[in-house]
Amino acid sequence: MVVERVTVENGSAHLQLVPALGGGIAQLDVRTASGDWLPVLRPWHGRFEDGPFELGCNVLVPFSNRISGGGFEHDGAFYTVPANFADEPLPIHGDGFQRHWHLLAHNDETVELGCDGEIGPFRYRAWQLFTLRDDRLVVELRVQNLSQQALPFGIGFHPWFPRNEGTRLKFQATEFWLEDGNHLPAGRRNICEVPDRNFGDGRVLPEHWINNAFGGWAREAIISQEGGASSVKITVSDTLGYALVYSPGSKADFFCFEPVSHPVDAHNLVGRPGLRVLERHEKLTASMTLNWDERYGTR
């Protein structure tokens, strides 16, 4: 099967996108001072049939993570949201990552993709704009509500980074969200109460499973890699007030650091933290910058 790939490159970086797999990033490699190439994101193996979660980065729209209870209530009406992914009993990550995105513009430095989506009550139009520089990649994601009614929207990014024994993660946060057996919120703690999940000074990832949201984060994180991958600094727009850290354990060769607008199941939490109610035709925008300056770690 021939899969369309869209490429942007310069002397320092190489970016490859797959429009048919949610407009996701298949490859982001950067050149070292010695002339070698290293991945910033987990490289795609090229098997289309394995689905979008084998890519290096997915977009999350019109919501992030899971929605419980079959849907949510808004303005006195209950809106059903169906499960949308194999082996997942709850709807997860919207459906933008499952859509075929269309190429809208492409030059030596930028790529713009667009798609129309529909999941549950959500009807929307979304755009991604990728800008590749010598030292960074900037990704902007926009979503427009095309539903007949105002609805609570969310947005986010789901990058997959290489993990090895030397991988370290550093970011500041104020709160840590617990998860239950269904990967839904089970309360939250001040980050000072869970020192083994405090990444403020930089630390290796947990030996075992982690799949938790962090609130009050500084919207900046540093991933340091000792070998086989490029270190990177992540900065995001104010829209993305939460971050999720996911890894099945130390034997996995990847982990995820996901900047998102809201915690898991925000549609059913008191106050709906991080969600934005969009009127018809109103838009929500977020951006993520990956900067691979060598001062953030050895390359």
Side-chain angles (χ1 to χ4, degrees), residues 24-28 38-45 50-60 64-66 85-88 90 92-93 97 156-173 175-189 191 194-215 217-234 236 240 242-260 262-265 288 290 292 296-298:
I25 300 176
Q27 187 176 4
L28 177 60
L38 289 177
V40 175
L41 301 170
R42 176 189 65 179
W44 184 43
H45 52 51
D50 289 347
F53 286 160
E54 293 298 323
L55 293 173
C57 186
N58 316 103
V59 290
L60 310 179
S64 161
N65 220 282
R66 294 167 174 85
F85 197 73
D87 301 323
E88 286 286 350
L90 303 177
I92 185 168
H93 293 325
F97 73 94
F157 298 96
H158 196 309
W160 306 71
F161 295 97
R163 175 178 179 174
N164 54 50
E165 291 183 357
T167 301
R168 297 179 65 86
L169 175 62
K170 179 179 180 180
F171 69 98
Q172 300 286 340
E175 63 181 18
F176 173 80
W177 289 67
L178 306 173
E179 75 161 355
D180 66 16
N182 296 314
H183 310 300
L184 296 170
R188 50 183 167 172
R189 300 284 186 273
I191 197 68
V194 279
D196 62 336
R197 294 296 186 266
N198 187 346
F199 292 88
D201 294 325
R203 62 184 301 152
V204 297
L205 293 157
E207 183 78 10
H208 303 293
W209 174 275
I210 181 172
N211 185 37
N212 300 92
F214 293 78
W217 78 296
R219 295 179 178 82
E220 176 180 301
I222 294 174
I223 298 171
S224 299
Q225 306 277 19
E226 289 187 354
S230 173
S231 299
V232 63
K233 178 181 179 181
I234 306 164
V236 302
L240 304 177
Y242 294 83
L244 275 83
V245 178
Y246 165 65
S247 175
S250 59
K251 293 184 179 180
D253 61 359
F254 71 88
F255 79 100
C256 300
F257 184 86
E258 307 163 39
V260 296
H262 57 278
V264 179
D265 201 25
M288 175 180 70
L290 303 178
W292 42 86
Y296 303 128
T298 304

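In this chain, residues are counted from 1 in sequence order.
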Let me confirm one number: the [atom1]-[atom2] distance from [X] to [Y], rounded to the nearest 0.5 Å.
{"X": "Ile210", "Y": "Glu179", "atom1": "CD1", "atom2": "CD", "value": "9.0 Å"}
{"X": "Leu178", "Y": "Arg189", "atom1": "CG", "atom2": "CZ", "value": "5.0 Å"}
{"X": "Trp217", "Y": "Ile234", "atom1": "CH2", "atom2": "CD1", "value": "6.5 Å"}
{"X": "Ser247", "Y": "Trp160", "atom1": "OG", "atom2": "CH2", "value": "10.0 Å"}
{"X": "Leu169", "Y": "Gln225", "atom1": "CG", "atom2": "CD", "value": "10.0 Å"}
{"X": "Leu41", "Y": "Ile223", "atom1": "CG", "atom2": "CD1", "value": "8.5 Å"}

For Asp201, does the CG atom have more than 12 heavy-atom neighbours from other residues, nucleotides or ligands under 6.0 Å away?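 12 or below, so no.
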Just checking His45: does its NE2 atom have more than 12 heavy atoms from other residues, nucleotides or ligands closer to it than 6.0 angstrom?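 Counting other residues, nucleotides and ligands, NE2 of His45 exceeds 12 neighbours.
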Taking side chain as C-beta onward, heavy atoms only, is [X] less than 4.5 Å from [Y]?
{"X": "Glu54", "Y": "Trp44", "value": "yes"}
{"X": "Asp196", "Y": "Val194", "value": "yes"}
{"X": "Phe157", "Y": "Leu240", "value": "yes"}
{"X": "Pro259", "Y": "Arg219", "value": "no"}
{"X": "Met288", "Y": "Cys57", "value": "yes"}

Evaluate the side chain to side chain contact (heavy atoms under 4.5 Å, CB included) criterion for residues Phe161 and Val232: first the C-alpha distance (whole Å), next the side-chain angles of each, then the deciding distance (0.1 Å), finally the verdict. CA-CA 10 Å; Phe161 295 97; Val232 63; 3.9 Å; yes
Has [X] got a side-chain atom pairing as donor or acceptor with [Y]'s backbone, closer than 3.5 angstrom?
{"X": "Arg197", "Y": "Pro206", "value": "no"}
{"X": "Asp265", "Y": "Pro185", "value": "no"}
{"X": "Asn182", "Y": "Leu184", "value": "no"}
{"X": "Arg168", "Y": "Gly202", "value": "yes"}

Just by distance, no angles: are the side chains of Glu175 and Trp177 close enough, under 3.5 Å, to form a donor-acceptor pair?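 A pair is found: one side chain offers a donor N or O, the other an acceptor, under 3.5 Å apart.
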Between the side chains of His93 and Asn58, is a donor N or O closer than 3.5 angstrom to an acceptor N or O?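 Asn58 and His93 do not have a side-chain donor-acceptor pair below 3.5 Å.
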Locate the shortest heavy-atom distance separating Ile92 from Phe97; write the atom from each residue and the value.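 Result for this residue pair: O-CE2, 3.5 Å.
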Any chance the rings of His158 and Tyr246 have centres within less than 6.0 Å?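 No, the ring centres sit 6.0 Å or more apart.
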Asn65/Val260 under side chain to side chain contact (heavy atoms under 4.5 Å, CB included): CA gap, chis, key distance, verdict: CA-CA 9 Å; Asn65 220 282; Val260 296; over 6 Å; no
Can you tell me how the ring of Phe199 sits relative to the ring of Phe171, calling it parallel under 30°, perpendicular over 60° and tilted otherwise?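 Ring orientation, 0 to 90° scale: parallel.
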Steps toward side chain to side chain contact (heavy atoms under 4.5 Å, CB included) verdict (Leu244, Phe214): CA-CA 6 Å; Leu244 275 83; Phe214 293 78; over 6 Å; no
